[in-house]
Amino acid sequence: EKVQIISETHDWRQLIHIKKSWSGEWKSFIRPDSDFFFAKGKAWNPSLELTETLKAFQKDSKLACRFPARARFLKKYFAMSFDSQSCLLLNQWRQKLTPSVVEIIFATQFVGSPASAFGHTFLNFRQTGQEHFMAQSLNFAAKMPEPISPVDYIYGGLTGGYLGLFSSQPYYEMVQV
């Protein structure tokens, strides 16, 4: 079946962030109960996830605004079409991230500490001649539980025990104290 064959492609597995573990089971760093997967409870099954993704997109074409990479994938492999012009928020965000300059910003007082340096690193996207403070920033950071003990903080950081979140905001908001 076409879905089964396409679900086995490298493109699909990369898109849904799954890979086989050393034991041969499908694994992902994204929790299976997150809103990222459509196949609830069986998210790490690439064929089932593709089947459920197709059903979801056929029911609600607005999902193309939330999952633009999946929409491109479905268009390529299944000739589905979506109106990307109706994705107002996505298009506004994309316009902010069409830079002529991309900078890596290390915004920390503690550069001597690798954990601190990488924990306070983000990308700045700006146009030539644009003031640095008006650039758009993209950050990926751990969502820290509160309160947390120093031992739990270190253990969670070293073992990947925290959820990661992307955020996008103007640079001047990122550097406010």
Which atom of [X] lies closest to which atom of [Y], heavy atoms considered:
| X | Y | value |
| --- | --- | --- |
| Ser168 | Leu138 | CB-CD1, 4.1 Å |
| Gln4 | Ser47 | OE1-OG, 3.0 Å |
| Leu63 | Ala56 | CD1-O, 3.4 Å |
| Phe57 | Met80 | CB-CE, 4.0 Å |
| Gln130 | Phe125 | OE1-O, 4.3 Å |

* Not counting sequence neighbours, list each pair that qualifies as a side chain to side chain donor-acceptor pair (under 3.5 Å) and has a residue in residues 10-19. =>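 Every pair satisfying side chain to side chain donor-acceptor pair (under 3.5 Å) with a residue in residues 10-19: Asp11-Tyr77.
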* Asked: In terms of heavy-atom contacts, does NZ of Lys2 have more than 12 from other residues, nucleotides or ligands at under 6.0 Å?
  ->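 Atom NZ in Lys2 is packed in, count exceeds 12.
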* CD (Glu173) with more than 12 external heavy atoms under 6.0 Å ->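 Yes, CD of Glu173 has more than 12 neighbouring heavy atoms, counting only those of other groups under 6.0 Å.
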[X] side chain near [Y] side chain, heavy-atom distance below 4.5 Å:
| X | Y | result |
| --- | --- | --- |
| Ile6 | Phe78 | yes |
| Leu90 | Pro68 | yes |
| Leu50 | Asn45 | no |
| Pro46 | Ile18 | yes |

* Asked: Is NZ or CZ of Arg70 both nearer than 6.0 Å to the six-membered ring centre of Phe36 and within 45° of the ring axis?
  ->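 Checked: cation-pi criterion met.
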* To do: Could you check Asp35 against Ile30 for side-chain contact (heavy atoms from CB on, under 4.5 Å), going step by step and ending with a plain yes or no?
  => CA-CA 10 Å; Asp35 289 341; Ile30 301 171; over 6 Å; no
* Examine Ile104 and Val102 and state if one hydrophobic cluster contains both, with Ile, Leu, Val, Met, Phe, Trp and Tyr joined whenever side-chain heavy atoms are less than 4.5 Å apart. =>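 In one cluster: yes.
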* Asked: Tyr171 vs Phe122 aromatic rings, parallel, tilted or perpendicular, using cut-offs 30° and 60°?
  ->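 It falls in the tilted class, 30° to 60°.
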* Asked: Given Glu49 and Ser7, is the side-chain hydrogen bond (donor to acceptor under 3.5 Å, both in side chains) satisfied, shown in steps?
  -> CA-CA 8 Å; Glu49 180 61 24; Ser7 74; over 6 Å; no
* To do: First locate atom CD of Glu25, then atom NZ of Lys20, and finally report the distance between them rounded to the nearest 0.5 Å.
  =>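 Rounded to the nearest 0.5 Å, the CD-NZ separation comes out at 10.0 Å.
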